[in-house]
Amino acid sequence: MKHLVAQLVNDALATLPKLARAAADLSIESTVERTRDASHGDFATNIAMRLAKPARGNPREVAASIVAALSDSADIDRVEIAGPGFINFHLSPAAFHAELQTILLRGEEYGRQAKKDRPKILLEFVSANPTGPLHVGHGRHASFGATVGNLLEAVGYPVHREYYVNDAGRQMDILGVSVWLRMLERDSIAVAFPEGGYRGDYIRDIAAAINTDGVASVSAESVRSGLPADAPEGDKEDYVDALIDRARALLGEAGFDHVRQQSLESIRDDIEEDLAEFGVTFDTWFSEQNLTKANRIDDALEVLRKRGMLYERDGATWFPSSDFGDEKDRVVIRENGNKTYFASDIAYHFDKLERGFDYLIDILGADHHGYTARVRAGLEAMGYNGDDLEVELVQFVTLYRGGKKMQMSTRSGEFDTLRQLRAEVGNDAARFYYVSRSNDQHLDFDLDVAKSQSNDNPVYYIQYAHARIASVFRQLAEKSLEWDNADGGAQLALLVEPQEKALMTSLSRYPEVIELSANNRAPQHLVHYLRDLANDFHTYYNAHAFIVDDAALRNARLYLISATRIVIANGLGILGVSAPETM
RNA sequence: GCGCCCGUAGCUCAGCUGGAUAGAGUACUCGGCUACGAACCGAGCGGUCGGGAGUUCGAAUCUCUCCGGGCGCGCCA
């Protein structure tokens with residue numbers, strides 16, 4: 001509907017060479033916006049004020065010349081110049097009726113744009129370390145990422161969702177050793193559990209379920225002898241490392257790997273199931289281990305080396321990221337020969353582009369903000385465009401229970417899981433609440449409030465509107481009446497009440513809201529829109545009966561609320577929230 | 001010290017590329033079911049948009065500066 005107005009303005013400008021020149025590098029569509037106040041019409045453009053200076057005119061005169069050049073349209077009732085030079089457009093009822101018909105015609109597809117071939121987007125999100133169950137912070141990443149993916153698809157982009165499984169490195173050894181110690185504990189071999197180990201109860205569950213074939217039995221003495229002290233007397237990292245060495249020595253590399261991989265798979269499966277139950281799925285689970293096995297890190301480093309982008313210093317290999325805007329250079333291969341996490345990161349992003357994706361979006365925790373510049377530097381040094389990587393940071397979630405802030409540390413085992421949260425507040429409320437705030441805003445999640453006031457949650461308000469509409473149609477059937485859809489579509493001129501006009505206006509905004517939310521990676525716009533739309537519907541519901549004796553009016557009103565049902569269902573679908581028929 | 005994010009009503013937050021009298025929810029005060037679902041609707045109360053300066057027709061929005069809060073600055077992952 002918006003570009004209907006933009007098109008008219010564009011056509012008018014085409015007949016005014018002087019203004020057209022001044023507007024050459026201006027997107028007309030971007031000057032057209034919905035009015036906040038109905039007395040200003042339906043749409044307004046500030047183009048006259050923006051052209052006044054380059055065209056050396058005064059805004060109101062520029063506006064007058066544009067208005068004079070506008071061609072007549074059945075969609076426009078009235079155009080006026082207001083304030084400092086706004087051009088206000090009052091659309092005709094017919095324009096809104098046509099939009100309603102489009103909604104009914106397109107149904108689930110309403111608000112979705114035609115599929116584009118490019119750019120192919122790789123959307124990476126959650127990517128929590130597979131060392132424990134997801135906690136409430138990950139829930140925000142999951143909801144935000146899934147919704148952004150849905151939005152991007154709705155505006156036509158091909159989207160590939162990926163979870164990067166950080167299943168390599170020392171943290172996997174710590175996981176393996178934590179499980180091993182719990183296994184020994186079951187065999188009554190008590191070893192002081194490391195401060196630096198994973199302490200959660202889930203480790204015991206994994207230990208209890210593990211397949212012990214090929215895992216050597218060991219004596220208590222052989223495990224305990226000669227271990228250094230753990231913190232606080234000793235160093236907790238030294239103690240964990242000693243335990244890892246001991247596990248390797250006693251179980252053999254294959255035996256330890258057996259424990260480690262089973263632990264990893266158990267946790268990874270749990271995460272996948274948890275997310276699937278939350279309505280969040282991925283196209284690929286990309287394993288860091290495979291990155292190493294396929295020599296992708298070496299491949300990436302080789303590209304850098306060939307381009308002269310590596311140098312040696314202090315026995316380590318460095319990447320001059322400061323040449324690309326990073327604050328300092330970064331090590332990629334340590335003095336001990338091990339590759340750094342940064343090396344695998346640039347290799348991973350290199351691999352994404354090599355797989356044929358045009359545009360990469362990473363959704364990361366706020367603590368990763370320093371990381372963007374380095375990875376971009378890596379991509380540029382390899383000859384790619386750093387701007388093809390977009391990083392969206394999600395601020396932290398602070399969980400409150402009983403008015404107290406909860407600590408969320410995986411290693412300490414004191415955390416609240418996404419599973420617990422979902423069980424307490426429900427998937428719909430959780431999905432909705434997580435994206436109702438801007439991602440760069442800290443989120444306070446008070447579990448007690450979410451539980452006790454769940455009926456006051458806006459998500460129910462919106463779902464209720466949907467269920468109410470479904471209920472109206474059930475009532476219609478009970479009264480042995482039928483909705484004549486075609487007649488309703490032909491009788492839309494009967495919808496003259498202010499609540500009907502307001503509802504039609506809100507409905508027609510939907511495609512614009514989807515586009516805005518997608519372009520800004522801002523699901524909260526959709527959330528607020530749906531809340532407003534539901535309010536328009538509830539107001540209408542309270543003001544007028546739909547099932548009236550006058551068949552023509554009844555058909556028209558049912559047509560309008562059918563359109564409302566479609567838009568609410570489509571919007572909730574993008575948020576990953578159900579649209580119930582009854583509540 | 002440097003960098004990123006944030007500061008809007010008592011509380012939790014919207015405010016789209018700068019636009020017209022700054023908006024919701026919640027709390028509080030009133031009013032509305034013999035009506036298709038009251039998990040609802042309507043009205044009221046409530047704001048120096050953290051402070052200051054600048055840019056311009058016009059600033060919550062952009063720039064600078066100060067104050068306050070969060071996070072990050074490893075040959076950790």
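Quick caveat, the model's predicted, so the values are computed rather than measured. In what follows, chains are A, B, ... by sequence order, proteins preceding strands, each numbered from 1.
Along RNA chain B, the nucleotide nearest to A:Phe396 and the one nearest to A:Val32 differ in position, and the one closer to the 5' end is contacted by A:Val32.
Here A:Gln475 reaches the OP1 or OP2 of B:G37: one of its side-chain N or O atoms lies under 4.0 Å away. For A:Gln441 and B:G70, the shortest distance from a side-chain N or O to OP1 or OP2 is not below 4.0 Å. Side-chain N/O atoms of A:Arg313 include none lying less than 4.0 angstrom from OP1 or OP2 on B:C75. Taking 4.0 angstrom as the limit, A:Gln524 places a side-chain polar atom (N or O) nearer than this to OP1 or OP2 of B:G15. When the side-chain nitrogen and oxygen atoms of A:Lys328 are compared with OP1 and OP2 of B:G74, one or more of them lie within a distance under 4.0 Å. The side chain of A:His525 contributes an N or O atom lying less than 4.0 Å from OP1 or OP2 of B:G15.
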Give each protein N/O atom lying under 3.5 Å from an N/O atom of nucleotides 21-23 of chain B, with the pair distance.
from  : atom 1 : to      : atom 2 : distance (Å)
B:U21 : O4     : A:Asp37 : OD2    : 2.2

Hey, what are the protein-to-nucleotides 42-45 of chain B N/O distances that come in under 3.5 Å?
from  : atom 1 : to       : atom 2 : distance (Å)
B:G42 : OP1    : A:Thr539 : OG1    : 3.0

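A:Tyr541 carries A:Arg468 over the face of its six-membered ring, with the cationic atom under 6.0 Å from the centre and within 45° of the normal.
Using a 4.0 Å cut-off on heavy atoms, the residues of residues 364-372 of chain A that approach RNA chain B are A:Ala366, A:Asp367, A:His369, listed by number.
With hydrogens and angles left out, the side chain of A:Asp345 and the base of B:A77 share no donor-acceptor pair within 3.5 Å.
Between A:Tyr540 and A:Phe546, the ring centre distance stays below 6.0 Å.
With salt bridges taken as basic N to acidic carboxylate O contacts below 4.0 Å, one links A:Lys339 and A:Asp298.
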